[in-house]
K.L.:
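This structure is in structure tokens; I'll ask about it shortly.
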Amino acid sequence: QVQLVESGGGLVQAGGSLTLSCVASRRTFSRDGMGWFRQAPGKEREFVAAISWTGGLRYYADSVKGRFTISRDNAKNTMYLQMNSLKPKDTAVYYCAVRTEGTPGPGNNYVVNYWGKGTLVTVSS
């Protein structure tokens, strides 16, 4: 049982940077992968990035590769998403997620077990 709380969303100008945080209610374990998803108005939720427990395995959507960096601090039960060179297209509600059977990825259809409530990121032009 995991509760997730995101923070760090807000309004930022195009080209700017923003860092999101996700705090889990319990310590993560070696099988717990984490990831970020987002949903824009009128669109389906999509995968953004994922990271394994050790941080040795990372996945990024092509749309954010090179601009976003995912990381985690297991001692703080926290995952981060550093977003640089933001574009208006990045505007969405960003959700934190945990998969208890490994890292969310193409091999498991990005299935996760727990979701946060989301934090809104708005990028102005």
Side-chain angles (χ1 to χ4, degrees):
Q1 190 68 39
V2 181
Q3 292 180 329
L4 304 169
V5 180
E6 304 96 335
S7 63
L11 176 64
V12 64
Q13 294 182 351
S17 299
L18 202 62
T19 299
L20 306 181
S21 299
C22 171
V23 180
S25 61
R26 67 155 172 82
R27 283 184 169 270
T28 55
F29 304 101
S30 61
R31 291 172 292 179
D32 291 348
M34 301 185 74
W36 290 96
F37 296 74
R38 67 186 182 186
Q39 186 169 22
K43 301 186 69 175
E44 295 184 357
R45 189 173 300 185
E46 65 177 353
F47 169 77
V48 176
I51 186 170
S52 63
W53 186 77
T54 64
L57 180 63
R58 307 179 193 222
Y59 294 116
Y60 293 98
D62 289 340
S63 60
V64 306
K65 193 173 299 182
R67 299 188 298 120
F68 291 10
T69 302
I70 188 170
S71 62
R72 65 191 294 173
D73 186 340
N74 292 335
K76 298 180 178 180
N77 300 330
T78 303
M79 176 180 65
Y80 306 94
L81 184 67
Q82 182 181 353
M83 305 183 293
N84 298 323
S85 302
L86 283 163
K87 306 173 181 179
K89 193 176 182 180
D90 295 318
T91 295
V93 176
Y94 284 71
Y95 297 91
C96 172
V98 169
R99 177 180 172 85
T100 59
E101 300 178 31
T103 309
N108 49 56
N109 296 315
Y110 305 97
V111 173
V112 299
N113 303 103
Y114 300 97
W115 293 97
K117 294 183 178 180
T119 184
L120 177 63
V121 172
T122 302
V123 184
S124 64
S125 59

K.L.:
Are Leu81 and Leu86 co-members of a hydrophobic cluster defined by side-chain heavy atoms under 4.5 Å apart?
P.N.:
yes
K.L.:
Of all heavy-atom pairs between Thr103 and Ala50, which one has the smallest distance, and what is that distance?
P.N.:
CG2-CB, 3.9 Å
K.L.:
Would you name the heavy atoms of Leu4 and Ala97 that are closest together and state the gap between them?
P.N.:
CD1-CA, 3.8 Å
K.L.:
Without swapping roles, check the side chain of Arg72 against the backbone of Ser52 for a donor-acceptor pair under 3.5 Å.
P.N.:
yes
K.L.:
Is there a path of hydrophobic side-chain contacts, each under 4.5 Å between heavy atoms, that joins Tyr60 and Leu20?
P.N.:
yes
K.L.:
Quick test of your reading of the model: are Glu46 and Arg38 salt-bridged, counting only N-O distances below 4.0 Å?
P.N.:
yes
K.L.:
Considering only NZ, NE, NH1 and NH2 on the basic side and carboxylate oxygens on the acidic side, decide whether Asp62 and Lys65 come within less than 4.0 Å.
P.N.:
yes
K.L.:
Would you say the side-chain atoms of Arg67 pair up with the backbone N or O of Ser85, donor to acceptor, closer than 3.5 Å?
P.N.:
yes
K.L.:
Do Val23 and Val2 land in one hydrophobic cluster if side-chain heavy atoms of ILVMFWY residues count as linked below 4.5 Å?
P.N.:
no
K.L.:
Which heavy atom in Pro88 sits nearest to a heavy atom in Ala14, and how many Å separate them?
P.N.:
CD-CB, 4.1 Å
K.L.:
Would Val123 and Lys87 count as a side chain to side chain contact (heavy atoms under 4.5 Å, CB included) if you check the C-alpha gap in whole Å, the side-chain angles of each, and the deciding distance to 0.1 Å?
P.N.:
CA-CA 6 Å; Val123 184; Lys87 306 173 181 179; 5.5 Å; no
K.L.:
Look at the side-chain heavy atoms of Ile, Leu, Val, Met, Phe, Trp and Tyr, link any pair under 4.5 Å apart, and say whether Met34 and Val112 land in one connected group.
P.N.:
no
K.L.:
Only one of Tyr94, Tyr114, Trp115, Tyr95 passes ring-ring contact (aromatic ring centres under 6.0 Å, His included) with Phe37; say which it is.
P.N.:
Trp115
K.L.:
Check step by step if side chain to side chain contact (heavy atoms under 4.5 Å, CB included) holds for Tyr59 and Phe47.
P.N.:
CA-CA 10 Å; Tyr59 294 116; Phe47 169 77; 3.8 Å; yes
K.L.:
Looking at Ser17 and Asn84, what are the two nearest heavy atoms and their distance?
P.N.:
OG-OD1, 2.9 Å
K.L.:
For the CD atom of Glu101 and the CG atom of Asp32, what is their distance to the nearest 0.5 Å?
P.N.:
10.0 Å
K.L.:
So, for Gln39 and Lys43, which heavy atoms are closest and what is the spacing to 0.1 Å?
P.N.:
NE2-O, 3.1 Å
K.L.:
Under the side chain to side chain contact (heavy atoms under 4.5 Å, CB included) rule, what do Asn108 and Arg99 come out as? Steps first, then yes or no, please.
P.N.:
CA-CA 10 Å; Asn108 49 56; Arg99 177 180 172 85; 3.4 Å; yes
K.L.:
Compare every heavy atom of Ser124 with every heavy atom of Leu11, then report the nearest pair and how far apart it is.
P.N.:
CD1-CB, 4.2 Å
K.L.:
Between the side chain of Glu6 and the main-chain N/O of Thr119, is any donor-acceptor distance below 3.5 Å?
P.N.:
no
K.L.:
According to a 4.5 Å side-chain heavy-atom criterion applied to Ile, Leu, Val, Met, Phe, Trp and Tyr, with indirect links allowed, do Trp53 and Ile70 form part of one hydrophobic cluster?
P.N.:
no
